[in-house]
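First comes the structure, then the notes that go with it.
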Amino acid sequence: MKTPFEHPALRTGGTDLPVLLPAAQRLQQQAERDRLVGGFLPRLTAKHGLWLLAILILSSGVAAAQSGDARQPAYEVIFKWLPVLLTGFGFNILISFMAMAIGTLVGTSLGLMQISLLLPVRQGSWLVTQFFRNAPWLVLLFYCMFLLPFEFRLGGLVIPFPDWIKATIGLALPVMANVSEIVRGAIASIPSGQWEASESLAFSRRQTLWQIILPQCVKRMLPPWMNLYAILTMATVLASIVGVSEMMTQAGRVLAAEDRPDLLIPIYSFVLLCFFVYCYPIARFTVRLEQRFQVKL
């Protein structure tokens with residue numbers, strides 16, 4: 001007597017359970033859409049930037065109506081302070097570049113240590129990665145600001161240690177941990193047959209890693225790495241809390257200098273628009289890289 005799974009009527013398309021095929025295909029298609037679009041969350045488009053610009057213009061008009069004819073319109077105030085605001089935004093970009101560079105270099109080494117054959121090295125690197133990966137960014141920033149010295153003395157020479165460098169180190173720590181996980185995950189996604197084939201060709205572990213495995217990991221690591229950079233750029237505003245003269249700090253100084261509460265929304269809308277204009281192309285390029293480099297299983 002044949003079981004239901006052996007019945008010829010159920011054997012179509014090379015599977016014993018054809019009734020599950022439509023549901024499985026729908027789940028696979030939905031998984032691909034979620035990975036590229038972000039699940040149920042709406043995808044960021046240029047239309048959102050136009051909405052931000054409309055809010056900026058509308059808030060400027062409201063501010064002008066509230067201030068009366070005796071004061072400058074909000075857009076003129078923003079234009080007057082534009083060099084100051086953009087200089088602060090340049091500090092945000094500088095901090096993001098340096099924090100990403102430091103975090104990438106150290107994080108790559110930490111990720112390689114996570115796949116070490118030595119158990120103490122592997123467990124120690126895993127512990128460091130998980131600690132900094134799950135620690136609040138603001139807490140790490142405060143630790144670096146208050147625990148690192150304000151200056152170094154080398155003999156009779158005094159070398160100052162600026163706050164923005166300490167803020168860069170504080171933001172580089174979580175980036176390091178996330179890059180470590182990106183590297184470890186990319187290496188783990190390479191089929192084990194690559195390692196076995198390299199071993200059969202008498203490659204050493206180091207040669208296999210640097211000449212075969214890591215070159216294949218680049219396309220897997222690039223999209224999440226760019227996404228992490230966009231997140232880091234938006235997180236650089238945390239440096240304003242510890243007194244670094246970036247864009248949010250400069251915006252507060254502009255509001256204090258003008259002493260006009262009606263400029264609050266226009267000024268901060270302009271800050272939000274600057275970050276959107278900078279980060280949106282990165283987000284779109286990341287999506288294109290994900291579509292181009294997606295791994296077909």
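In this text the structure is predicted, and so the values were computed from the model without any measurement.
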Look at atom [atom1] of [X] and say whether more than 12 heavy atoms of other residues, nucleotides or ligands are closer to it than 6.0 Å.
| X | atom1 | value |
| --- | --- | --- |
| Phe79 | CZ | no |
| Gln194 | CD | yes |
| Trp126 | CH2 | no |
| Phe161 | CZ | yes |

Between Ala239 and Ala167, what is the shortest heavy-atom contact and its length?
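Heavy atoms of Ala239 and Ala167 come nearest at CB-CB, 4.2 Å.
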Closest approach of Ser245 and Phe91, non-hydrogen atoms and distance?
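In terms of heavy atoms, the two residues are closest at O-CD1, 3.6 Å.
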Per-pair distances, 0.1 Å, donor-acceptor, side chain in residues 103-120, under 3.5 Å, sequence neighbours excluded:
from, atom 1, to, atom 2, distance (Å)
Thr104, OG1, Met100, O, 2.6
Thr104, OG1, Trp225, NE1, 2.9
Thr108, OG1, Thr104, O, 2.6
Ser109, OG, Leu105, O, 3.3
Gln114, NE2, Ser180, OG, 2.7
Gln114, NE2, Glu181, OE2, 3.4
Ser116, OG, Leu118, N, 3.1

Could Arg253 and Glu258 be called an ion pair, given the rule that one side-chain N must be under 4.0 Å from one carboxylate O?
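Between Glu258 and Arg253 there is no salt bridge, as every charged N stays at least 4.0 Å from the carboxylate O atoms.
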Any donor and acceptor pair, going by atom type alone, linking the side chain of [X] with main-chain N or O of [Y] inside 3.5 Å?
| X | Y | answer |
| --- | --- | --- |
| Asn227 | Pro223 | no |
| Arg288 | Arg284 | no |
| Glu246 | Thr249 | yes |

Sequence neighbours excluded, which residues qualify as ring-ring contact (aromatic ring centres under 6.0 Å, His included) partners of Phe150?
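Testing Phe150 for ring-ring contact (aromatic ring centres under 6.0 Å, His included), a comparison that skips the adjacent residues, returns none.
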For the residue pair Tyr229 and Phe97, does the interplanar ring angle fall in the parallel (under 30°), tilted (30 to 60°) or perpendicular (over 60°) class?
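Geometry flag for Phe97 against Tyr229: parallel rings.
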List the residues meeting side chain to side chain donor-acceptor pair (under 3.5 Å) with Thr208, not counting sequence neighbours, and say none if there are none.
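Thr208: no side chain to side chain donor-acceptor pair (under 3.5 Å) contacts found.
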Cluster question for you: counting only ILVMFWY and a side-chain heavy-atom cut-off of under 4.5 Å, with indirect links fine, are Val121 and Val183 together?
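No: no chain of side-chain contacts under 4.5 Å links Val121 to Val183.
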Hey, could you give me the CD1/OG distance between Ile213 and Ser189, rounded to the nearest 0.5 Å?
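OG of Ser189 is found 9.5 Å from CD1 of Ile213.
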Are the aromatic ring centres of Phe142 and Phe146 under 6.0 angstrom apart?
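Ring-ring flag for Phe142/Phe146: true, centres closer than 6.0 Å.
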Go through the side-chain N and O atoms of Trp81 and Gln250 and say whether any donor and acceptor fall under 3.5 Å apart.
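On atom types as modelled, these side chains do not qualify, holding no pair under 3.5 Å.
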